[in-house]
Amino acid sequence: MRKYAPAIIALAGGAIAFGVLSYFNPGDGGLYCVYDSKLRTPLFTGFLTIGGFLLTLKTFVLIKLKEEVYESPWYRDKIDRNRKLNPKLTLYGPLNRLGSLLIFCVFAALSTAVAQLSVGFIPNRFASAFCISLAVGSLILVFCAWFYIWRNLTYWFELLHNTDAKRTAESTPVSTTGP
């Protein structure tokens, strides 16, 4: 995972959304009327909920991944093999970056919720486009975090599979006589 890739992708997505929404002015009353009547309240409640959910999820996910994946002998061996190619690799580096990404997602979600109650009341299409583009950028960050959590879970399931296969091989008696 590149350290700043999710932030750059989210900023680009938000900027594109702002540009498109600023250029097009849909509906009879324009973007502000559509935003005011249909989007502001759901965006506020949705991003407030996402921020709270991610805040509680962060601690649980990071602790479980640390215990089950990053402290396993399988992962340590994998890191030792990869350190031959890149000596800068650290044992908990990916976990640290995932934690930072989750904190940044919480900040972005809560900032988006606050923007709906502050900037969202300005009766201007650019203010509405700004609030919607914050929502787009925050959603992109959340999807990036989900992707990185999925990748960590994939490692965890691979570890479980390897551990289960090793236990099965050790518990199967080896026949010393021929067939």
For Leu62, all residues meeting side chain to side chain contact (heavy atoms under 4.5 Å, CB included), sequence neighbours excluded: Lys58, Leu95, Leu98
Give a yes or no on whether [X] and [Y] share a hydrophobic cluster (residues Ile, Leu, Val, Met, Phe, Trp, Tyr; joining criterion: side-chain heavy atoms under 4.5 Å apart).
{"X": "Phe44", "Y": "Val114", "value": "no"}
{"X": "Tyr92", "Y": "Val61", "value": "yes"}
{"X": "Leu117", "Y": "Val119", "value": "no"}
{"X": "Val20", "Y": "Phe126", "value": "no"}
{"X": "Leu11", "Y": "Ile9", "value": "no"}

Quick one: hydrophobic cluster around [X], which other residues, with the 4.5 Å side-chain cut-off, linked directly or via members?
{"X": "Leu85", "value": "none"}
{"X": "Leu89", "value": "none"}
{"X": "Tyr4", "value": "Ile8"}

Compile the donor-acceptor pairs under 3.5 Å between side chains in residues 12-19 and protein atoms, sequence neighbours left out, one pair per line.
none

Pairs flagged by side chain to side chain donor-acceptor pair (under 3.5 Å) wherever residues 127-137 is involved - sequence neighbours left out: none
Within residues 104-123 or reaching into it, pairs that qualify as side chain to side chain donor-acceptor pair (under 3.5 Å) - sequence neighbours excluded: Tyr35-Gln116, Thr112-Ser138
Would you list the atom pairs, donor with acceptor, under 3.5 Å between side chains in residues 48-56 and any protein atom, with sequence neighbours excluded?
{"unit_1": "Thr49", "atom_1": "OG1", "unit_2": "Thr45", "atom_2": "O", "d": "2.7"}
{"unit_1": "Thr56", "atom_1": "OG1", "unit_2": "Gly52", "atom_2": "O", "d": "3.4"}
{"unit_1": "Thr56", "atom_1": "OG1", "unit_2": "Phe53", "atom_2": "O", "d": "2.9"}

Taking all non-hydrogen atoms of both residues into account, name the closest pair between [X] and [Y] and its distance.
{"X": "Leu31", "Y": "Leu21", "answer": "CD2-O, 3.7 Å"}
{"X": "Ala108", "Y": "Leu141", "answer": "CB-CD1, 3.8 Å"}
{"X": "Glu71", "Y": "Arg76", "answer": "O-NE, 3.7 Å"}
{"X": "Tyr32", "Y": "Asn124", "answer": "CD1-N, 3.8 Å"}
{"X": "Ala145", "Y": "Leu101", "answer": "CA-CD2, 3.6 Å"}
{"X": "Ala135", "Y": "Leu43", "answer": "CB-CD2, 3.9 Å"}

Is there a side-chain contact between [X] and [Y], using heavy atoms and a 4.5 Å cut-off?
{"X": "Leu57", "Y": "Ile149", "answer": "yes"}
{"X": "Arg97", "Y": "Tyr148", "answer": "no"}
{"X": "Trp156", "Y": "Leu160", "answer": "yes"}

Backbone of Ser22 reached by a side-chain donor or acceptor of Arg125 within 3.5 Å: yes
Residues in ring-ring contact (aromatic ring centres under 6.0 Å, His included) with [X], at least two apart?
{"X": "Trp146", "answer": "Phe143"}
{"X": "Phe107", "answer": "none"}
{"X": "Tyr70", "answer": "Tyr75"}
{"X": "Phe157", "answer": "none"}

Leu102/Val106 under side chain to side chain contact (heavy atoms under 4.5 Å, CB included): CA gap, chis, key distance, verdict: CA-CA 6 Å; Leu102 287 172; Val106 169; 5.7 Å; no
Verdict with supporting geometry, Glu68 and Asn152, side chain to side chain contact (heavy atoms under 4.5 Å, CB included): CA-CA 10 Å; Glu68 301 296 331; Asn152 277 282; over 6 Å; no
Spatial distance of atom SG (Cys105) from atom CD1 (Ile140) [nearest 0.5 Å]: 11.0 Å
